[in-house]
Undergrad: 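Take this structure, written in structure tokens, and hold onto it; I'll ask about it next.
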Amino acid sequence: MNTFDNGVRSTRGPVVALVPAAGRGVRLGANMPKAFVPVGGSPMVRLAVEGLLASGVVDRILVMVPAELVEGAGSVLPRSDAVRVIVGGIERTDSVRAGLVAAPDAAYFLVHDAARALTPPELIVRVAAELEAGHSAVVPAVAVADTIKSVDAAGVVTGTPDRSGLRAIQTPQGFTADVLRAAYASAGVAATDDAGLVERLGVAVRTIAGDPLAFKITTPLDLRLAEAVLAGSDLTGTVAR
Ligand code: CTP
Ligand code: MG
């Protein structure tokens, strides 16, 4: 069992990280599934798994990848008995569900996108510590910089929600195993994040301060930004805080 936060140990059982890495990366448009695209010379999924290992709060890591990459994924991941590769699914929720099935003994889950390759281990530690403190659902959140508007099918603005009440949500998202299993058991439709399914159960989802470096690499511009951060360019100071 791992140390959660300055010597506090998980008392309930294994902390299992689920790393969805089975997406196609359509928006990035590389010639391979996104999680396997290198950033600073390492595939995104490797960086994400290294971050989880470095956090010291995770007992096991399950990585969900496209079926054709299950064989080869081991060679790009850190060598560790704690890391296992399994086949993902068509939608992100299908990939997470595959991880849930493969970890029947988990007490906590940390669901962490491979595409958030630069996530600082310190953020992972903070999410885990909130779980250990008794919260059943914990997500990192950052303030929204742009004004957000709702639009109708024709693109005409229908409203402007108060930005001060909006947050962009990152990963890792932490849940007690019971809560995440219940959310997936009742899930009929795909969701873009796991907390969205937990909210539908009526369970309170706690937000903690996210980190700009936990941004999701989605587009070619995001990839260039991640490369610049890893290269230690002048951007680092701007992006870090
Ligand atoms: N993911 C997954 N299984 C899927 C779809 C997505 O495991 N069927 C993973 C991705 O690999 C990624 C994370 O979920 O690490 C977040 O998804 P996203 O950023 O949308 O990645 P892709 O689906 O690969 O990108 P796109 O939507 O542009 O195709
Ligand atoms: Mg996607």
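Just so you know, these numbers come straight off a predicted model, no measurement behind them. Every number for a ligand or one of its atoms is a count from 1 in the order of the listing. Position 1 is the first residue of the sequence, and the numbers go up from there.
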Undergrad: Hey, looking at atom 16 (C) of ligand 1, which of Val65, Leu18, Asp113, Val37 has the closest heavy atom?
TA: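 Residue with the shortest heavy-atom distance to the ligand atom: Asp113.
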Undergrad: Check contact between Asp94 and ligand 1, using heavy atoms of the residue and a distance below 4.0 angstrom.
TA: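 It does not; every heavy atom stays at 4.0 Å or beyond.
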Undergrad: What is the nearest protein non-hydrogen atom to atom 3 (N) of ligand 1, stated with its residue, atom name and distance?
TA: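 Looking at atom 3 (N) of ligand 1, the protein heavy atom closest to it is Ser95 OG, 2.7 Å.
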Undergrad: Tell me whether Lys216 has any N or O atom under 3.5 angstrom from an N or O of ligand 1.
TA: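 So ligand 1 has an N or O lying under 3.5 Å from an N or O of Lys216.
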Undergrad: Please indicate whether any nitrogen or oxygen in Met64 is less than 3.5 Å from any nitrogen or oxygen in ligand 1.
TA: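 No; every N/O pair is 3.5 Å or more apart.
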Undergrad: Among all protein non-hydrogen atoms, which one is nearest to atom 29 (O) of ligand 1, and what is the separation to 0.1 Å?
TA: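 Scanning the protein heavy atoms, the shortest distance from atom 29 (O) of ligand 1 goes to Val26 N, 2.7 Å.
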Undergrad: Is the shortest side-chain N to carboxylate O distance from Asp113 to Arg92 below 4.0 Å?
TA: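 Answer for the salt bridge query: yes.
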Undergrad: Measure the distances from the heavy atoms of Gly25 to every atom of ligand 1 and state whether one is below 4.0 angstrom.
TA: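 Yes.
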Undergrad: What I want to find out is whether Arg116 reaches Asp211 closely enough, with some N-O distance under 4.0 Å, to be called a salt bridge.
TA: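 The answer is no: the pair does not qualify as a salt bridge.
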Undergrad: Heavy-atom contacts under 4.0 Å between Val96 and ligand 1: side chain, backbone, both, or neither?
TA: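 For Val96, no heavy atom sits under 4.0 Å from ligand 1.
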Undergrad: Nearest protein heavy-atom contact for atom 27 (O) of ligand 1: which residue, which atom, what distance?
TA: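 Answer, as residue, atom name and distance: Arg27 NH2, 2.9 Å.
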Undergrad: For Thr158 and Ser150, indicate whether the former's side chain and the latter's backbone hold a donor-acceptor pair under 3.5 Å.
TA: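 Yes, because the side chain of Thr158 sits within donor-acceptor range (under 3.5 Å) of the backbone of Ser150.
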Undergrad: Nearest to atom 9 (C) of ligand 1, what protein heavy atom do you find, and at what distance?
TA: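 For atom 9 (C) of ligand 1, the nearest protein heavy atom is Pro20 O, 3.5 Å.
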Undergrad: Hey, is ligand 1 close enough to Leu28 that some N/O pair sits below 3.5 Å?
TA: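 No: no nitrogen or oxygen of Leu28 is under 3.5 Å from one in ligand 1.
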Undergrad: Closest non-hydrogen protein atom to atom 21 (O) of ligand 1, residue and atom name please, with distance?
TA: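 Ranked first by proximity to atom 21 (O) of ligand 1 is Lys34 NZ, 3.1 Å.
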Undergrad: Report yes or no: is the cationic atom of Arg12 (NZ for Lys, CZ for Arg) closer than 6.0 Å to the six-membered ring centre of Tyr108, at no more than 45° off its axis?
TA: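 Because its charged atom sits under 6.0 Å from the ring centre and within 45° of the axis, Arg12 does stack over Tyr108.
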Undergrad: Determine yes or no for a side-chain-to-main-chain donor-acceptor pair under 3.5 angstrom, with Glu130 supplying the side chain and Val138 the backbone.
TA: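 Side chain of Glu130 to backbone of Val138, a donor-acceptor pair under 3.5 Å: no, none is there.
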Undergrad: Report the C-alpha distance between Arg24 and Glu68 in whole Å, list the side-chain angles of each, state the deciding distance to 0.1 Å, and finish with yes or no for salt bridge (charged side-chain N to carboxylate O under 4.0 Å, His left out).
TA: CA-CA 12 Å; Arg24 292 286 151 193; Glu68 74 276 13; 2.9 Å; yes
Undergrad: Answer yes or no: is there a donor N or O on one side and an acceptor on the other, between the side chain of Arg126 and the main chain of Ala209, under 3.5 Å?
TA: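 Judged by distance alone, yes, a pair lies under 3.5 Å.
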